[in-house]
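Computed over heavy atoms, backbone and side chain alike; hydrogens, waters and symmetry mates excluded. Order of the sequence lines fixes the chain letters, A, B, ..., with proteins taken first and strands second; residue numbering starts at 1 for each chain.
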Protein chains: 2
Amino acid sequence: MNRFYTITELTREFGISTRTLRYYEDEGLIQPERRGRTRLYRSADRHLIQEILRGRRVGLSIAEIREIIQVYKDPPGEAGQLRLLMRKVEEKREELRQKRKDIDDTLTELDNIEDSCLARLAEIGVRS
Amino acid sequence: MNRFYTITELTREFGISTRTLRYYEDEGLIQPERRGRTRLYRSADRHLIQEILRGRRVGLSIAEIREIIQVYKDPPGEAGQLRLLMRKVEEKREELRQKRKDIDDTLTELDNIEDSCLARLAEIGVRS
DNA sequence: GGCAAAATTGACTTATACGTAAAGGTCAGA
DNA sequence: TCTGACCTTTACGTATAAGTCAATTTTGCC
């Protein structure tokens with residue numbers, strides 16, 4: 001099960017382009033192995049890509065994602081840096097909590113729109 | 001309480017720039033009144049701006065926000081259009097639910113990062 | 001009425017996250 | 001050897017959502 005994935009396999013699986021994966025590599029988010037010039041992705045890379053895409057979906061920038069990855073690869077050893085990091089993490093968390101609330105509110109609004117559509121449809125339906 | 005807001009009052013309240021509000025106006029999202037050339041915002045405009053900003057925060061594009069506003073201003077009267085709209089709304093809702101899940105997952109991940117930071121800090125604390 | 005502060009428009013610039021086109025390398029199978 | 005399906009790099013292009021700047025009005029206030 002320790003196989004490789006090619007770039008197109010992954011693009012198909014995730015519905016993204018090769019450009020995107022090469023871009024992530026340029027930006028230092030992933031470092032697939034190479035055979036000659038061809039990129040070979042391990043399942044760890046595949047996993048990381050999933051997390052990167054999730055990060056993008058929740059609105060993290062490439063730079064922010066890079067920071068998070070960096071923490072996993074090489075967590076800061078110095079107390080001050082750790083505390084700075086924790087502050088940043090707490091900030092992001094607050095941001096995401098707010099975003100979740102925004103989403104809930106928007107979902108409610110979309111519910112309302114749907115309701116008024118249904119009402120309108122009923123109105124029209126009665127008449128026609 | 002039926003007062004006006006100036007553009008800078010609103011930019012200060014919402015932490016955005018005048019350029020942004022004018023941009024939203026150019027894009028047809030808001031239509032503040034004018035006294036001479038000066039824009040005067042009613043509290044309805046202020047409210048709408050809040051919703052626009054929330055839409056932006058959850059990842060709606062200007063075009064999508066415009067569509068939603070349009071629905072409120074002038075809901076489609078034809079059954080086919082209504083059904084199309086409902087399909088779109090349902091799509092957006094599914095997207096937002098997914099996004100909500102992504103956010104929850106990311107929050108969990110940030111929790112983990114924080115935990116490992118704390119662990120690390122404890123380690124260092126013990127040694128120093 | 002005069003003047004500084006605030007507001008306007010229009011044009012140009014910018015950041016992010018890729019898209020796209022050109023030009024070609026690699027390898028398996030017929 | 002040829003074809004087709006991949007893969008590569010380099011470089012410029014693009015959409016979105018504003019930011020910036022300059023040159024004018026306009027307004028509020030004394």
Side-chain angles (χ1 to χ4, degrees), chain A residues 3-42 45-46 48-70 92 95 99 102 106, chain B residues 3-42 45-46 48-70 92 95 99 102 106:
Chain A
R3 72 193 278 294
F4 288 114
Y5 301 86
T6 70
I7 196 167
T8 26
E9 269 176 322
L10 293 181
T11 61
R12 277 179 194 146
E13 177 173 3
F14 296 127
I16 55 179
S17 69
T18 58
R19 178 70 178 86
T20 299
L21 284 180
R22 295 195 191 109
Y23 175 66
Y24 289 168
E25 190 176 337
D26 283 350
E27 291 298 312
L29 303 187
I30 43 180
Q31 286 94 32
E33 300 171 33
R34 297 279 179 127
R35 182 168 51 211
R37 299 208 299 171
T38 302
R39 289 165 176 82
L40 294 173
Y41 297 83
R42 297 265 185 200
D45 295 314
R46 180 174 160 284
L48 184 51
I49 290 166
Q50 281 186 301
E51 307 234 314
I52 293 170
L53 294 175
R54 193 187 64 203
R56 293 290 300 125
R57 288 198 299 272
V58 306
L60 300 183
S61 72
I62 298 294
E64 286 169 332
I65 293 170
R66 184 170 33 222
E67 261 189 294
I68 292 176
I69 292 174
Q70 186 54 31
K92 259 302 153 206
E95 211 179 297
K99 199 168 240 173
D102 285 334
T106 307
Chain B
R3 73 194 276 296
F4 288 115
Y5 301 86
T6 71
I7 195 167
T8 26
E9 269 177 322
L10 292 181
T11 61
R12 275 178 197 145
E13 176 173 3
F14 297 126
I16 56 179
S17 71
T18 58
R19 182 70 183 83
T20 299
L21 284 180
R22 294 193 196 109
Y23 175 67
Y24 290 167
E25 190 176 337
D26 283 349
E27 292 298 313
L29 303 187
I30 43 180
Q31 286 93 32
E33 299 171 33
R34 297 279 180 126
R35 182 167 52 211
R37 301 208 300 173
T38 301
R39 291 164 175 82
L40 294 173
Y41 298 83
R42 296 263 186 201
D45 295 313
R46 181 174 161 283
L48 184 51
I49 290 166
Q50 280 186 302
E51 307 235 315
I52 292 170
L53 294 175
R54 194 186 64 202
R56 293 287 302 123
R57 289 198 298 271
V58 305
L60 300 182
S61 71
I62 298 295
E64 286 169 330
I65 294 171
R66 184 170 34 222
E67 260 188 294
I68 292 176
I69 292 175
Q70 186 54 30
K92 258 304 154 205
E95 211 179 297
K99 200 167 239 174
D102 285 334
T106 307

Contact list for DNA chain D against residues 16-36 of chain A - heavy-atom distance below 4.0 Å = Arg19(A), Arg22(A), Arg34(A)
Spacing of Phe4(B) atom CZ relative to dA7(C) atom P, expressed in whole Å = 15 Å
Quickly work out the Leu40(A) CG to dT26(C) C1' distance and round it to whole Å.
->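 In whole Å, dT26(C) C1' lies 13 Å from Leu40(A) CG.
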So, Thr8(A) and Thr11(A): side-chain donor and acceptor under 3.5 Å apart, yes or no?
->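 Their side chains do not contain a donor-acceptor pair, so the 3.5 Å distance test is not met.
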Look at atom CZ of Arg34(A) and say whether more than 12 heavy atoms of other residues, nucleotides or ligands are closer to it than 6.0 Å.
->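 Correct, the count exceeds 12.
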DNA chain C: Arg56(A) or Tyr41(B), which has the more 5' nearest nucleotide?
-> Tyr41(B)
Sequence neighbours excluded - salt bridge (charged side-chain N to carboxylate O under 4.0 Å, His left out) pairs with any residue from residues 12-24 of chain B | Glu13(B)-Arg46(B)
Validation row: Ile68(B), Leu60(B) side chains within 4.5 angstrom (heavy atoms) = yes
N-O pairing of Glu33(B) and Arg42(B) below 4.0 Å |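 Yes, charged N to carboxylate O under 4.0 Å.
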Does the side-chain contact (heavy atoms from CB on, under 4.5 Å) test come out yes or no for Leu48(A) and Leu29(A), once each step is laid out?
-> CA-CA 9 Å; Leu48(A) 184 51; Leu29(A) 303 187; 6.0 Å; no
Say whether, by atom type as modelled, one donor and one acceptor occur between the side chain of Thr106(A) and the main chain of Asp102(A) under 3.5 angstrom.
->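 Yes; judged by distance alone, with no hydrogens or angles, the pair exists.
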Test item: Lys99(B) side-chain N/O and Val58(B) main-chain N/O as donor-acceptor pair under 3.5 Å |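 Yes, Lys99(B) side chain to Val58(B) backbone: donor-acceptor pair under 3.5 Å.
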Going 5' to 3' on DNA chain D, which nucleotide is the first and which the last to come under 4.0 Å of a heavy atom in chain B?
->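 The footprint of chain B covers dA17(D) to dG28(D).
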